[in-house]
Amino acid sequence: MVFSEKILTWYAENKRVLPWRRTKNPYNIWLSEVMLQQTRVAQGLPYYEKFIKEFPTVKDMAAASEEKVLKLWQGLGYYSRARNMHATAKIVVNEFDGKFPSTYKELIKLRGIGDYTASAIASICFDEPEPVVDGNVYRVLSRYFGIDLPINSSEGVKYFKNLAWEVMHTNIRDYNQGIMEFGAIQCAPKKPYCLHCPLSEGCVALAKNKVHELPVKLKKTKVKQKYFNYLVVIDSNKNTILEQRTGKGIWQNLYQFPLIETDTQVGLDVIKVKVAKVFSSLKGFEISEFNEKPIIHKLSHQHLHTKFWIVQSNDMLSNGISNDTLEQYPVPVLIADFIRSFKF
DNA sequence: AATTCGGGGCA
DNA sequence: TGCCCAGAATT
């Protein structure tokens, strides 16, 4: 048996039961693929169920507000995926009569759909012979064929896509899902089960004892340290303030408490002065520290050293938000955790 | 070509 | 603590 046939055989015997494997409906496949970008199946699965229940069709999603979509997406991360997905839902409804395009070439034009996702939808839904190359595929191919080109170099990306074309099977639907599943379950990043692997015969990395050196990946940039001070204002009605994050950067269009970002960790004295400026309309206020030690919220590229400051005032906010409407807003996990732990 | 988008799980 | 996850868009 050649490589692709072994993958198909392994997949037939080992594939997990997953909701999006019961259908070829492009809406379902698209939703699952976008959710699983840089995301483990276990983490994405409950979100997929939620979304299908709330938005059974692409038309339902297109009709919803972005805020509703972001709220359902809350906690899954990479929120541009949700915004792009929502934009694409509207395009599909308004310009394609609610039907997804059926070719790689057309699919990749849509927002949030790149090479991988276009290949996945085209092959799984429409049997177009287009190999997927995701993190799993990079790992399987680099190990089995002993390729040490960096998978995140432009040369590596081209090489592996080309290799994927050469070794793929005509049963593209099962092959594509099979090689990814094989990478996720059998040819795992840290503890691959090489001892009883159906592809061990012919695996270059195993023969050369280089399984744990592959795939090769270029160094990632170092994380930035940032210092966040969130002002949790509480007025005479026990209302508070949320603001929407606009512009570029993390958590775009999500909500948060008024934020003061500083270059270093600052204390109560500094915050007092800043609050007096930011909330000059407040007649009087008292500030207390919620957490003495900063909460370090770790993201891929930044560590957010965060302090929450409780700003109590006897005034009544005109734009105040009551604590029971607070949970309607899409917020970052950092804010959601605070709201859960704090009694308004 | 390099950087920037989250959050969680695992050794 | 570092690495990775059914990547894409922006700089």
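Excluded from the calculations below are hydrogen atoms, water molecules and symmetry mates; all remaining heavy atoms, backbone and side chain alike, are included. So you know, we letter chains A, B, ... as the sequences are listed, proteins then strands, and number each from 1.
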Would you say the ring centroid of [X] lies under 6.0 angstrom from that of [Y]?
X	Y	value
A:F342	A:F290	yes
A:Y48	A:W20	yes
A:F338	A:Y230	no

Answer with base, sugar-phosphate or nothing: what part of the nucleic acid does [X] contact at a heavy-atom distance below 4.0 Å?
X	answer
A:R21	base
A:D115	sugar-phosphate
A:G75	sugar-phosphate

Considering just the side-chain nitrogens and oxygens of [X], establish if one lies under 4.0 Å of OP1 or OP2 belonging to [N].
X	N	answer
A:R81	C:dA6	no
A:Q38	C:dG7	yes
A:T39	C:dA6	no
A:W251	B:dG7	yes
A:R40	B:dC10	no
A:Y138	C:dC5	no
A:Q302	B:dC5	yes
A:H301	B:dT3	no

* Salt bridge flag under 4.0 Å for residues A:R83 and A:E66 -> no
* A:Y78 (side chain) and B:dG6 (base): donor-acceptor pair under 3.5 Å -> yes
For the [atom1] atoms, the ones on [N] and on [M], what distance do you get once it is rounded to whole angstrom?
N	M	atom1	answer
C:dA9	B:dG8	C1'	23 Å
B:dT3	C:dC3	P	16 Å
C:dC5	B:dA1	P	22 Å

Using a 3.5 Å cut-off and no angle test, enumerate the donor-acceptor pairs between side-chain atoms of residues 94-118 of chain A and protein atoms at least two apart in sequence or in another chain.
residue	atom	partner	partner atom	Å
A:N94	ND2	A:K90	O	3.1
A:D97	OD2	A:K99	NZ	3.4
A:T103	OG1	A:E106	N	3.2
A:Y104	OH	A:D115	OD1	2.6
A:E106	OE2	A:K109	NZ	3.2
A:R111	NE	A:N84	OD1	3.3
A:R111	NH2	A:N84	OD1	3.2
A:D115	OD1	A:K161	NZ	3.1
A:D115	OD2	A:K161	NZ	3.2
A:Y116	OH	A:E33	OE1	2.6
A:T117	OG1	A:Q37	NE2	2.9

* Quick one: on DNA chain B, does A:G77 or A:K219 contact a more 5' nucleotide (nearest heavy atom)? -> A:K219
* Mapping A:K224 and A:S154 to their closest nucleotides on DNA chain B, which lands nearer the 5' end? -> A:S154
* Structure fact -> Between A:K298 and A:W20, the residue closer to the 5' end of DNA chain C by nearest nucleotide is A:K298
